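Everything on this sheet refers to the single structure shown next.
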Amino acid sequence: MPANPELEMEMIRRVTAGEKQLFHQLIRPCERGIYLLLFSMLRNQAEAEDAAQETAIKIYRNLHLYRGEAQFRTWAYSIARNEGLRRLRRVQNAREDSLDAMTEGESGDFTPAVLTSWREVPAEALERKELGALLREAIGGLPEIYRNVILLRDIQEMDVRETAGALEISEAAVKVRLHRARALLQRSLAPKLKGFAPGRKGLLGWWR
Amino acid sequence: MVAMRIDCKHVWEHISAYIDGEVEAELRAEIDKHLETCEICAAVLDSTRNVVVLLADERVFEIPAGYSKRLHERIEREIAQDDPSKPEP
Ligand SMILES: [Zn+2]
């Protein structure tokens, strides 16, 4: 969903000038991402939906503050993220990620799972419910800082700049976290996804 | 010219950037060359790329049924409240 910034800016002008119904249209391309981002933070459907509604209202009320330095979507996601953080802080029992996972240090094992027979995962495999469940479970198991980056970059397919803007971190940090997140996912998923490979060919047959 | 030899660990370090097309041409060529002869790295690359492809599949992350409808109803209430000339439907 590549948004047209000029069209978007025009729409925002019209909403703030009084055509309030247009807000429905403005928020629509972001609503899935807002929910997913909040779900990744809050890990609870009902809470995430409630937070998403709250976020949409905040976006609506603060629309006059949007200046267009960042893409609208980036701005909207940063509001969602702040709403998620606010709730995590408010509910003191927020799940604590391990201290070492919260740092940017070199800790953690990012060595990939080495396997030689899993190459292609066909899209049809997704029809099998278990595959979706495996992915969600793997992502749920990531430390929050990696989960958010994966969510915006790979699930919402935002670019590095947008992701950095939404999470209020540097682009370099996005790249590092993304790399680690993907490495962790590959490690946990590759051995399990092997079972979803179509025909497993011999060693010589499978490389390009 | 002696080409810079890269090992598997080096390739893994750049896999994410490689998938995103963000490695410089020279390094990219080195990695490509390595991939031609290293089955392990080729498999790691493919499985990582597959994970990335799967993540982008909308079917993996479902939104609760009715989410959008409820969201827009909530927005509608906010708009109505915001605009006294238009009573709540
Ligand atoms: Zn190798």
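Because the structure is a prediction, the values reported are computed rather than measured. Quick note on labels: first sequence line is chain A, next is B, and so on, each numbered from 1.
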Could you tell me which portion of [X] (side chain, backbone, both or neither) has an atom closer than 4.5 angstrom to a non-hydrogen atom of chain B?
X	answer
Glu157(A)	side chain
Ala52(A)	both
Glu54(A)	side chain

Student check: side-chain heavy atoms of [X] and [Y] closer than 4.5 Å:
X	Y	result
Leu71(B)	Tyr35(A)	no
Leu55(B)	Leu185(A)	yes
His72(B)	Ile27(A)	yes

What verdict does the side-chain contact (heavy atoms from CB on, under 4.5 Å) test give for Phe61(B) and Leu151(A), after you've listed the backbone C-alpha separation in whole Å, the side-chain angles of each residue and the deciding distance to 0.1 Å?
CA-CA 10 Å; Phe61(B) 290 89; Leu151(A) 192 115; 5.7 Å; no
Distance in Å, [X] [atom1] paired with [Y] [atom2], rounded so as to fall on 0.5 Å steps:
X	Y	atom1	atom2	answer
Asp50(A)	Arg74(B)	CG	CZ	8.0 Å
Arg28(A)	Ser68(B)	CZ	OG	5.0 Å
Arg187(A)	Thr48(B)	CZ	OG1	12.0 Å

Using a distance-only test with no angle check, is there a side-chain donor-acceptor pair under 3.5 angstrom linking Glu76(B) and His24(A)?
yes
Between Glu78(B) and Lys20(A), does the salt bridge (charged side-chain N to carboxylate O under 4.0 Å, His left out) criterion hold? Intermediate values first, please.
CA-CA 10 Å; Glu78(B) 177 70 18; Lys20(A) 294 168 181 172; over 6 Å; no
Ignoring hydrogens, what is the shortest heavy-atom contact between His14(B) and His179(A)? Give both atom names and the distance.
N-CE1, 4.3 Å
So which heavy atom on Gln186(A) is nearest to which on Val44(B), and how close?
NE2-CA, 4.0 Å
Using the test side-chain hydrogen bond (donor to acceptor under 3.5 Å, both in side chains), find all partners of Arg182(A) that sit at least two apart in sequence or belong to another chain.
Asp154(A), Ser16(B), Asp20(B)
Going by side-chain hydrogen bond (donor to acceptor under 3.5 Å, both in side chains), name the residues that satisfy it together with Arg161(A), two or more places apart in sequence or in a different chain.
none
